[in-house]
Structures are given as C-alpha cells and as structure tokens.
Amino acid sequence: MPEAEDGGIGGHSSKERSIRAQWLISNLSVVVVVLVVALVVFCAATYSLQLQSMRSNLISRADNAAGFFNKYANASYTELMAGAKLYVEDYKDKDIVELQVLDTAGKLLYSSSGLMAGTKPQTDDLTRALTANTTADWRGEDPASGELVMAVSSPIIFPSGEIAAVVRCVSSMSVLHSRMLICGIVAAGIALVILGFVVLSNLLFIRSILQPLQQINDTARLIAQGRYGVHIVPLYANEIGTLCNTINDMSDAISRAEQTKNDFISSVSHELRTPLTAIGGWSETLLSGGLTNLGEVRHGLEIIRGEASRLTRMVEELLDFSRMESGELTMQMEKTDLAPDVEDVVFMYMDTIRKEGITLEFHEDDELPMVVCDRARMRQVLLNILDNARKHGGDGKRIIVAMEAQEHTVSIAVRDFGQGISPEELPHVRDRFYKGNSKARGNGIGLAVADEIVRVHGGRLDIESVQGEGTCVTIVLPVSQS
C-alpha cells in the first residue's frame, strides 16, 4: 500500500494535516487570544499598581519633608531656608528622587540634583500646591528636560496659615518603565511557555486521535477490499475503543454474512441443479424415443412435473424472501376458519411422505375459533414446516400435527421424532440462510420466511427441540375478536 495514499502517522496524509491544522487553529486561536488578553490585563494592572505605588511613595516623601520643615515654623524665614538647604544637601535618596525646595513664586531655591536656582518648573503640581494649599501630584513630560517624570509638591505652612515654601519630589518614569519592561518580558515568556505546553499537549492529543483513526482507516480499507473479519488492534479504553469494537463487530458480521451468502449461493445452485438435471435427463430420454413402455413414460413425466413443481416452490420462496427483505411482503387478510385449510395441507402431504415410510397423524379440537389471516400464506407456512419435519426429522418415521384452541389463540403444532436440533443450533434455525450441520436439501430461508409471515399475522413461531427425541414447531395465531 503506497505511503502517499496510505497516509500513515509518519507520512501525515493531507486529511491528517487538515485535521491537525483545524484542531490547532481552532484551539490555539482561543488560547492565544486568552493569553494576549491576560498579558495585557496583567501589564495594565501591574503598571497601574506600580504607578500608584510610585505616587504614594513620592507623596509620603514630600509630606515627610514638609513635616520636617514645620519644626522651623516659629523660626524666621532665614532659619527655615538654612534648614531647608542642609536637608536638601544631606538627602540620602537623591539618586532615586530629586528633592526640591521652591519659594512661593514657584522659583527653585535648592535642588538635590544641583539644578540652577531660580528655575521655575512649569508643572501643574506646583501651581495647585500654591493655590490650593495642599499636596498635589503631576505626571508627564518635564518641560525643561523632555523626560517623563512624576512630581509631587507639598506646601510648608507657617503657623499664621501662610505658605512659606514648597517641597517638591521629582522621580523619573524611566525606572518604572524599566520595571514594566522586565515584567512584560517575564509575563510574555510565561505566556510563551504556556502556549508551548498547550501546543505540545494538543499535538500529543491529536496524535492519540490520529493513530487509532489511521488504524480504523486501514482496517476499513482492508474490509472494502474484501478482507472480512480483520480486527483493529490495540483497542483503546475510550470512545475510540468503542468505535474500534463496533468496527470489529461489523467486520465479523460482514464476514459471517459473506460466508452465509456463499453458502446460500452454493446451496441454491445445488438445489437448482438436482431438479434441472432430472428434468433435462428425462426430457432427453423422452425426446429420443428411448421409452416404449407407457408406464415408464408416465413415470418420467411425473418426475418432470414433480421437479418442476419443486423449482416453482423454490422460486416462490426466493421471491417471498426478496419481498420480505424489501418490506413488500403483502397479505390478503380475511376472517376464516383455518381448520379446513390445515386438513387439506395435511392430507395432501400424506401422499407425499407415505412413499418414504413416514406416518402422518392429525388431531384437532372439536370447536376452533375464527382467525384473521391470509389463507394461502398460512398454507405455505404449514407446508414449509411439514417439509422441514420430513427432511430433518423423517428418520423418526412419524409426524404429528395437532390443532388446538386456547383462550385467546389458536395453535398448530408439528411434532417429529427425529434426531432433534442441538442446543447450539436451536437459536439460529430461524436465521436467514442458516442450515447448520444438516445435510438435508434446502436453501435455508424457508423457516425465516415462515417466521416473518406468522409475525405479520400478529402471532409467533415457537420451536422446541430435544436432541435425540425430536422437534416441535408451533404456529400460534391470535383469535379474531369480532
């Protein structure tokens, strides 16, 4: 089987690639969207928290510095400025935060970073701190340096309520952005690891699906090629395992059906050949004029007529089976007393089996209720059962037919005293084409047709058998209620 067509797991057929691609696209697209959204939300939340933390830190520093200067509240302005200069010069965190002291006009007096005095920051925090007499913050691009910064201004207030000066803490946003970049890289790395794990798990899962699917495909191809009975191995303990079991059962069923079909064709061919041979042989003999004795001629014609009748019954049986299979088996139902028809069939059949040394007995109740049935079909069923009793139980040399009435049913029982049916074969005798181990002539569909006819009548066909003692087949029909 060529690899390009087979599409094994190693080769990856176009169908497999399609399934793989569809699965990955449909699943990974969702995972990627979720991861991107989660990454964006995480970064936004982290940035917001970092920003809030930075703001709170600057406010705390500015308020602490302003609080420190309040100890000079009762001192002169000169002493206040001197203390502010010393505080700014000795500020320990000048590498992180720039500490500034500005006058009420907004001009820079002292700066921990060494900015020139007299510079006037043009930012909103300073303006609000001077006008609203409260701590104010601002974030944006520094007009002087063009750098993104965050600034917090806190006023120093004299006891009289006047603003003496403003303490301003300024910090670059680049540190925050560096932290956020690191957090984003770490978060993206984690997202990529998660995505890789999802891709790997999806590939493993898809492989676990595609491998048994390929086995199923290969087995189905073998079945399509006529290799019935092949099985899928190994089986899986999941829904695919159930599918494998179903396909294995189907393969076995097809194998049995194929064997049954072959047996049926062989059986029908044999059944047709025997009467056709007899008819052809006697016809040739009669046409050749080889028979001068009128009795022999009559005997030959009787054989031809008998074999022709048997062929006709066989063809009718096959037609009935075909109608039964297609659901077109029709019935001409009428309310009738079935006893006379049963008597006719029994007494007609007596002549047939008397020559074989078989005794046929008939018993019936005195009063039998009416039934609704197709009289011709019921005669066909009874004749078929009698013929089976003769062929399979004729070695008992005795057949009994009994017709009885029960409360709501009428039964016709045909009992033979032959070898019976084995317990292994008994459940299958009504199966189409089934002949079991019997060597008697027949095509194996007569009892299946009989069972279907009785079922359509609303009745049932009961079969009981004891090996070595004989078989009893009982037709049970419902009594007419009107």
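Sequence positions, counted from 1, serve as the residue numbers for this chain. If you're wondering where the values come from, they're calculated on a predicted model, not measured in any experiment.
Residues passing the side-chain hydrogen bond (donor to acceptor under 3.5 Å, both in side chains) test with Arg398 are Glu361, sequence neighbours excluded. Residues satisfying the side-chain contact (heavy atoms from CB on, under 4.5 Å) test with Asp451, not counting sequence neighbours, are Arg430, Leu461. For Arg354, the side-chain hydrogen bond (donor to acceptor under 3.5 Å, both in side chains) criterion is met by Asp351, not counting sequence neighbours. Under the rule for a side-chain hydrogen bond (donor to acceptor under 3.5 Å, both in side chains), the partners of Asp93 that lie at least two apart in sequence or sit in another chain are Arg61. For Val37, the side-chain contact (heavy atoms from CB on, under 4.5 Å) test picks out Val33, Val41, with sequence neighbours left out. Listed by chain and number, the residues in a side-chain contact (heavy atoms from CB on, under 4.5 Å) with Ala253 are Arg256 (sequence neighbours excluded). Evaluation of the side-chain contact (heavy atoms from CB on, under 4.5 Å) rule for Asp63 yields Ile59, Thr135, Ser154 as partners, not counting sequence neighbours. In this structure, the side-chain hydrogen bond (donor to acceptor under 3.5 Å, both in side chains) partners of Asp137, at least two apart in sequence or on a different chain, are Arg55.
To the nearest 0.5 angstrom, Glu464 atom CD is 6.0 Å from Thr474 atom OG1. Going from atom NE2 of His299 over to atom CG of Leu301 covers 10.5 Å, rounded to the nearest 0.5 Å. Residue Met250 holds its CE atom at 12.5 Å from CG of Asn245, rounded to the nearest 0.5 Å. We find the CE-OG distance between Met54 and Ser172 to be 7.0 Å, quoted to the nearest 0.5 Å. To the nearest 0.5 angstrom, Asp124 atom CG is 13.0 Å from Arg139 atom CZ. The CD1 atom of Ile463 sits 7.0 Å away from atom CG of Leu426, with the distance rounded to the nearest 0.5 Å.
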Enumerate donor-acceptor pairs with a distance under 3.5 Å from any side-chain N or O in residues 409-419 to protein atoms, sequence neighbours excluded.
{"residue": "Thr409", "atom": "OG1", "partner": "Gln406", "partner atom": "OE1", "Å": "3.1"}
{"residue": "Ser411", "atom": "OG", "partner": "Gln406", "partner atom": "NE2", "Å": "3.4"}
{"residue": "Arg415", "atom": "NH1", "partner": "Glu469", "partner atom": "O", "Å": "3.3"}
{"residue": "Asp416", "atom": "OD1", "partner": "Gly418", "partner atom": "N", "Å": "3.0"}
{"residue": "Asp416", "atom": "OD1", "partner": "Thr471", "partner atom": "N", "Å": "3.2"}

Kindly list each side-chain donor-acceptor pair under 3.5 angstrom involving residues 178-196, sequence neighbours excluded, with atom names and distances?
{"residue": "Ser178", "atom": "OG", "partner": "Ser174", "partner atom": "O", "Å": "2.8"}

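Side-chain contact between Leu35 and Val198: absent, with no pair of heavy atoms (C-beta onward) separated by less than 4.5 Å. For the pair Thr277/Glu307, no side-chain contact is recorded, criterion being any heavy-atom separation below 4.5 Å from C-beta on. Residues Val371 and Met378 are not in side-chain contact: their nearest non-hydrogen atoms beyond the backbone lie 4.5 Å or more apart. In this structure, Asn202 and Val31 have side chains that are not in contact, with every pair of non-hydrogen atoms separated by 4.5 Å or more. Taking the side chain as every heavy atom from C-beta outward, Met173 and Leu51 approach each other to under 4.5 Å. Residues Val345 and Val401 form no side-chain contact, since every pair of their non-hydrogen atoms from C-beta on lies 4.5 Å or further apart. Taking 4.5 Å as the limit, every side-chain heavy atom of Glu98 sits out of range of all side-chain heavy atoms of Val149. Gln332 is not listed as a side-chain neighbour of Arg375, based on a closest heavy-atom distance of 4.5 Å or more.
Residue pairs that meet the ring pair (Phe, Tyr, Trp, His ring centres under 6.0 Å) test with at least one member in residues 196-216, sequence neighbours left out, are Trp23-Phe205. Within the structure, ring pair (Phe, Tyr, Trp, His ring centres under 6.0 Å) pairs that include any residue of residues 329-374 do not occur (at least two apart or interchain).
No side-chain N or O of Gln380 forms a donor-acceptor pair with one of Asn384 less than 3.5 Å apart.
Nearest approach of Ser251 to Gly229, heavy atoms of both residues: OG-N, 2.8 Å. When all heavy atoms are compared, the tightest approach of Leu477 to His457 is CD2-CB, 3.9 Å. Nearest heavy-atom pair across His177 and Leu148 is CE1-CD1, 3.6 Å. Ser465 and Gly470 get closest at one heavy-atom pair: OG-O, 3.3 Å. Minimum interatomic distance between Ala405 and Pro369 (heavy atoms only, all atoms of both residues): CB-CD, 3.6 Å.
Of the possible polar contacts, one joining the Ser29 side chain to the Ile25 backbone as a donor-acceptor pair under 3.5 Å is found. Checking side-chain atoms of Asp374 against main-chain N and O of Ala376 turns up a donor-acceptor pair under 3.5 Å. The main-chain N or O of Ala44 is never found under 3.5 Å from a side-chain atom of Ser48 such that the two would form a donor-acceptor pair. Looking only at distances, a side-chain donor or acceptor of Ser56 sits under 3.5 Å from a matching main-chain atom of Gln52.
Other residues, nucleotides and ligands place more than 12 heavy atoms under 6.0 Å from the CD atom of Glu356. Within 6.0 Å of atom CD in Gln467, more than 12 heavy atoms from other residues, nucleotides or ligands are found, so the atom counts as buried in its surroundings. Atom CG of Leu204 is surrounded by more than 12 heavy atoms from other residues, nucleotides or ligands within 6.0 Å. In the displayed structure, Arg460 atom CZ is contacted under 6.0 Å by at most 12 heavy atoms of other residues, nucleotides or ligands.
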- Might you work through the side-chain contact (heavy atoms from CB on, under 4.5 Å) test for Val342 and Glu364, ending with a clear yes or no? CA-CA 10 Å; Val342 173; Glu364 63 176 323; over 6 Å; no

- Query: When you look at Asn388 and Val429, which way does the side-chain contact (heavy atoms from CB on, under 4.5 Å) test go after all the steps?
  - Reply: CA-CA 11 Å; Asn388 278 342; Val429 293; over 6 Å; no

- Between Arg298 and Glu302, does a side-chain contact (heavy atoms from CB on, under 4.5 Å) hold up when you go through it step by step? CA-CA 6 Å; Arg298 183 179 183 86; Glu302 287 177 350; 3.6 Å; yes

- Go through the steps to decide whether Met403 and Leu338 satisfy the test side-chain contact (heavy atoms from CB on, under 4.5 Å), and finish with yes or no. CA-CA 10 Å; Met403 190 173 185; Leu338 194 57; 3.9 Å; yes

